[in-house]
Colleague: 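Next up is a structure, given as structure tokens.
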Amino acid sequence: MLVTQYFSKDLYKGKTVFVTGGGSGINLGVAKNFAALGANVAICGRTQEMLDAAAAELRAFGTKVSADVRDSAPLEAALEKSRAALGAMDVLVCGAAGNFLVPAEKLSPNGFKTVIDIDLLGSFNATRSAFEQLKETKGTILYISAGMAYMPHAFQVHVGAAKAGIDMMMKNIALEWGRFGIRANSIVPGPIEETEGLKRLSDPAEKKKLINAVPLRRTGTVDDIGQVAAFLAPPLASYITGCVVVCDGGQNLPGSALFNMGAEQMLRAQQG
Ligand code: HXC
Ligand code: NAP
């Protein structure tokens, strides 16, 4: 359910939100929730058709820019384009990510680097490029992390390292940029239905088992994450910074054993 059920539709009127990886899934869900509360939203990603389709879905859509977060110069240009069109950003959402299941001993150095570059370096690039805008607005940064950041999951050595890095970077940024009025927090989604991430990591035939292992006995929705994002952005949550907010129905509490078994089955099936 969109956040307008609970918050004023004008809460983010006149505010600008920039979402990396905003063309699909959870990040698009976050973008839509901000748009529903009146924000102007800019999104970036690599696939133009996906950005076009996402743009069509966003009510108060502002701008869409094709940019790879691994490349700092075009990303900086994308953020400047957003500023020119929509004004200095109030919220930066770092959501671009890559993921695949792979046993550590089979992961090539370039495979490891690819995920570190998209998730961790990409989040730094966006953060660094957004500094002047966020300083001007006393804005906030939301990093989209994952349970792999604090709970080891099989076949996710690259993702665990990348997301743990993001959460630590978030704390450093919160510590250093608090003096400018800039806040930084991470959101850890649990298993979110109808997303690329869940499709890659979990067999739909095993959905019932997955749900039974979630303390709240359901998968999450993109709007669950959109609501948390809306709460963490100014003017709300104005004294919260440096926090990892876990929104997973309690999924990570029992550990990753069930995930590890399911992931092993999926890998075996993929490898024939
Ligand atoms: C082993 C793999 C691999 C795989 C790629 N590589 N896929 N290794 N198993 N399945 C290796 C390649 O062999 C290569 O290394 C290196 O990674 C780079 O591969 P490219 O295909 O050139 O990379 P690129 O085109 O940049 O694509 C990035 C990608 C891709 C991550 C590999 O899948 C992608 O674009 N993903 C974006 C969408 C996505 O992943 N969404 C899910 C996010 S969910 P070599 O050595 O051969 O050169 C998420 C958390 C979910 O993040 C948590 C759920 C609970
Ligand atoms: P998704 O739809 O694949 O979202 C990832 C987005 O990142 C895509 O729009 C992708 O678009 C973009 N992206 C990837 N590489 C990029 C790059 N180099 N530069 C710019 N954009 C790039 O997957 P999702 O499942 O919704 O995941 C969204 C976020 O939630 C991720 O941070 C993920 O780690 C996190 N998460 C998801 C789950 C889940 O259950 N799905 C759970 C925990 C955490 P292009 O490919 O077009 O660039």
Side-chain angles (χ1 to χ4, degrees), residues 18-32 43-54 64-72 74-75 78 93-123 125-126 142-151 153 155-164 166-167 186-202 210 214 219-222 224-226 228-229 244-249 251-252 256 258-259 262-263 266-267 270-271:
F18 190 102
V19 185
T20 72
S24 62
I26 292 175
N27 305 320
L28 176 57
V30 167
K32 277 190 200 165
I43 54 175
C44 82
R46 294 166 302 171
T47 317
Q48 192 61 50
E49 311 83 74
M50 202 151 80
L51 293 173
D52 291 342
K64 57 182 190 286
V65 202
S66 175
D68 187 324
V69 293
R70 292 172 283 195
D71 213 346
S72 63
L75 183 62
V93 181
C94 295
N99 197 349
F100 46 84
L101 288 174
V102 60
E105 71 277 12
K106 292 197 174 141
L107 178 59
S108 70
N110 190 42
F112 186 83
K113 181 177 181 300
T114 295
V115 169
I116 296 288
D117 281 356
I118 301 173
D119 294 29
L120 180 54
L121 178 64
S123 294
N125 286 340
L142 301 174
Y143 297 95
I144 308 298
S145 185
M148 289 82 187
Y150 63 94
M151 175 70 65
H153 284 63
F155 319 127
Q156 290 282 276
V157 66
H158 45 337
V159 176
K163 296 293 194 182
I166 286 176
D167 284 352
S186 293
I187 302 173
V188 170
I192 304 300
E193 61 195 33
E194 290 168 29
T195 59
E196 184 62 29
L198 195 60
K199 198 167 97 191
R200 289 181 181 222
L201 301 189
S202 167
L210 172 75
V214 177
T219 46
T221 66
V222 297
D224 285 324
I225 308 305
V228 177
V244 176
V245 179
V246 180
C247 179
D248 72 345
Q251 186 232 347
N252 282 290
S256 63
L258 180 80
F259 169 92
M266 271 188 93
L267 261 185
Q270 279 169 19
Q271 287 160 3

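Note that ligands are numbered from 1 as they come in the structure, with each ligand's atoms numbered from 1 the same way.
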Colleague: Parallel, tilted or perpendicular: which one describes the rings of Phe259 and His153, with boundaries at 30° and 60°?
Modeller: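 Answer is perpendicular, since the angle exceeds 60°.
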Colleague: Would atom 8 (N) of ligand 1 count as contacted, meaning some protein heavy atom under 4.0 Å?
Modeller: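 Within 4.0 Å: yes, protein heavy atom nearby.
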Colleague: Could you say whether the N/O atoms of Asp119 and ligand 1 ever approach to under 3.5 Å?
Modeller: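 No, no N or O pair falls under 3.5 Å.
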Colleague: Look up atom 13 (O) of ligand 1 and tell me if a protein heavy atom lies less than 4.0 Å from it?
Modeller: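 No, because not a single protein heavy atom sits under 4.0 Å from atom 13 (O) of ligand 1.
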Colleague: Do any heavy atoms of Cys94 fall under 4.0 Å from ligand 2?
Modeller: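 Flag not set, Cys94 not near ligand 2.
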Colleague: Indicate yes or no: does an N/O atom of Ile192 lie under 3.5 Å from an N/O atom of ligand 2?
Modeller: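 Looking only at distances, the answer is yes, because the N/O contact criterion of under 3.5 Å is met.
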Colleague: For atom 5 (C) of ligand 1, find the nearest protein heavy atom and state the residue, atom name and distance (0.1 Å precision).
Modeller: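 That would be Phe100 CE2, 3.7 Å.
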Colleague: Please confirm whether Gly45 comes within less than 3.5 Å of ligand 2 when only nitrogen or oxygen atoms on both sides are compared.
Modeller: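 N/O-N/O distance below 3.5 Å does not exist for this pair.
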Colleague: Record the part of Met50 in heavy-atom contact with ligand 2 below 4.0 Å; permitted values are side chain, backbone, both and neither.
Modeller: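 It is the side chain that touches ligand 2; the backbone stays farther off.
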Colleague: Considering Lys163, Arg70, Arg46, which one's heavy-atom position lies nearest to atom 48 (O) of ligand 2?
Modeller: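 The option holding the nearest heavy atom is Arg46.
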Colleague: Report yes if Lys163 has an N/O atom closer than 3.5 Å to an N/O atom of ligand 1; otherwise report no.
Modeller: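 No: no nitrogen or oxygen of Lys163 is under 3.5 Å from one in ligand 1.
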Colleague: For residues Leu75 and Val69, determine if any side-chain heavy atom of one lies less than 4.5 Å from a side-chain heavy atom of the other.
Modeller: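 Counting from C-beta outward, Leu75 and Val69 do come under 4.5 Å.
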Colleague: Should one rank Glu196, Gln251, Glu193 by closest heavy-atom distance to atom 3 (O) of ligand 2, which comes out on top?
Modeller: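 Result: the heavy atom closest to atom 3 (O) of ligand 2 is in Glu196.
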Colleague: For Thr20, is the nearest heavy atom under 4.0 Å from an atom of ligand 2?
Modeller: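 Heavy atoms of Thr20 never come under 4.0 Å of ligand 2.
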Colleague: Quick check on contacts: which atoms of ligand 2 are under 4.0 angstrom from a heavy atom of Ala146?
Modeller: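 Near Ala146, meaning under 4.0 Å from one of its heavy atoms, ligand 2 has 43 (C), 44 (C).
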Colleague: Is atom 34 (C) of ligand 1 in close reach of the protein, with a heavy atom under 4.0 Å away?
Modeller: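 At least one protein heavy atom is under 4.0 Å away.
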Colleague: So is Arg70 close enough to ligand 1, meaning a heavy atom under 4.0 angstrom away?
Modeller: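 Flag set, Arg70 near ligand 1.
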Colleague: Could you tell me whether some N/O pair between Cys44 and ligand 2 is separated by less than 3.5 angstrom?
Modeller: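 So ligand 2 has no N or O lying under 3.5 Å from an N or O of Cys44.
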Colleague: If the test is side chain to side chain donor-acceptor pair (under 3.5 Å), which one of Glu196, Lys163, Gln156, Arg200 qualifies with Asn99?
Modeller: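 It is Gln156; the other options fail the test.
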Colleague: List the atom of Cys247, the atom of Asp224, and the distance in Å for their closest heavy-atom pair.
Modeller: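 What the structure gives for the nearest pair is SG-O, 3.9 Å.
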Colleague: State, with a plain yes or no, whether a side-chain heavy atom of Ile192 is found less than 4.5 Å away from one of Val222.
Modeller: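 SC-SC contact between Ile192 and Val222 confirmed.
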Colleague: Is the closest side-chain heavy-atom distance between Pro191 and Leu210 below 4.5 Å?
Modeller: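 The answer is yes; the side chains approach within 4.5 Å.
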Colleague: With atoms numbered from 1 as shown, which atoms in ligand 1 lie under 4.0 angstrom from a non-hydrogen atom of Arg46?
Modeller: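 Those atoms are 26 (O), 27 (O), 34 (C), 35 (O), 37 (C).
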Colleague: Which atoms from ligand 1 have a heavy atom of Leu201 less than 4.0 Å away?
Modeller: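 Those atoms are 51 (C), 53 (C), 54 (C).
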Colleague: For Ser145, state whether at least one heavy atom is located under 4.0 Å from any atom of ligand 2.
Modeller: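 A heavy atom of Ser145 does come that close to ligand 2.
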Colleague: Answer yes or no: does an N/O atom from Ile118 fall short of 3.5 Å to an N/O atom of ligand 2?
Modeller: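 The answer is no, given that Ile118 and ligand 2 share no N or O pair closer than 3.5 Å.
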Colleague: Is the closest side-chain heavy-atom distance between Ile43 and Met50 below 4.5 Å?
Modeller: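 Sidechains of Met50 and Ile43: no contact.
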Colleague: Tell me whether Gly122 reaches ligand 2 (any heavy atom closer than 4.0 angstrom to a ligand atom).
Modeller: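 It does not; every heavy atom stays at 4.0 Å or beyond.
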Colleague: Would Leu107 and Phe155 count as a side-chain contact (heavy atoms from CB on, under 4.5 Å) if you check the C-alpha gap in whole Å, the side-chain angles of each, and the deciding distance to 0.1 Å?
Modeller: CA-CA 9 Å; Leu107 178 59; Phe155 319 127; over 6 Å; no
Colleague: Would you mind running through ligand 1 and noting each atom that sits below 4.0 Å from a heavy atom of Ser108?
Modeller: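 Counting from 1, the qualifying ligand atoms are 15 (O), 45 (P), 46 (O).
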Colleague: Work out whether the distance between some heavy atom of Leu198 and some atom of ligand 1 is less than 4.0 Å.
Modeller: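 False for this residue.
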Colleague: For Pro191 and ligand 2, answer yes if some heavy atom of the residue is under 4.0 Å from a ligand atom, otherwise no.
Modeller: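 Pro191: in contact with ligand 2 (<4.0 Å).
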Colleague: As a check for students: among Ala67, Gly21, Gly197, Gly25, identify the option with a heavy atom nearest to atom 20 (C) of ligand 2.
Modeller: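 Residue with the shortest heavy-atom distance to the ligand atom: Ala67.
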Colleague: Check whether any side-chain heavy atom of Val244 lies under 4.5 Å from a side-chain heavy atom of Val188, and answer yes or no.
Modeller: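 Yes, at least one pair of side-chain atoms sits under 4.5 Å.
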Colleague: Under the side-chain contact (heavy atoms from CB on, under 4.5 Å) rule, what do Glu193 and Thr221 come out as? Steps first, then yes or no, please.
Modeller: CA-CA 6 Å; Glu193 61 195 33; Thr221 66; 3.8 Å; yes
Colleague: Among all the protein's non-hydrogen atoms, which is closest to atom 30 (C) of ligand 1, and how far away is it?
Modeller: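 Looking only at protein heavy atoms, the one closest to atom 30 (C) of ligand 1 is Arg200 NH1, 4.1 Å.
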Colleague: I'd like to know if Gly220 contacts ligand 2, where contact means a heavy-atom distance under 4.0 Å to any ligand atom.
Modeller: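 Under 4.0 Å: no for Gly220.
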Colleague: Are any of the N/O atoms on Ile26, whether in the backbone or the side chain, positioned under 3.5 angstrom from an N/O atom of ligand 2?
Modeller: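 N/O-N/O distance below 3.5 Å exists for this pair.
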Colleague: Is Val159 in contact with ligand 1, taking contact as a heavy-atom separation below 4.0 Å?
Modeller: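 Flag not set, Val159 not near ligand 1.
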Colleague: Of the listed options (Val69, Val222, Leu28, Asn27), which comes nearest to atom 19 (N) of ligand 2 when hydrogens are ignored and any heavy atom counts?
Modeller: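 The nearest heavy atom belongs to Val69.
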Colleague: Which residue from Ile144, Thr195, Val93, Leu51 reaches closest to atom 30 (O) of ligand 2 through any of its heavy atoms?
Modeller: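 Of the listed residues, Ile144 has the closest heavy atom.
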Colleague: Kindly state if atom 21 (O) of ligand 1 has a protein heavy atom within a strict 4.0 Å cut-off, that is, under 4.0 Å?
Modeller: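 Under 4.0 Å from atom 21 (O) of ligand 1, zero protein heavy atoms found.
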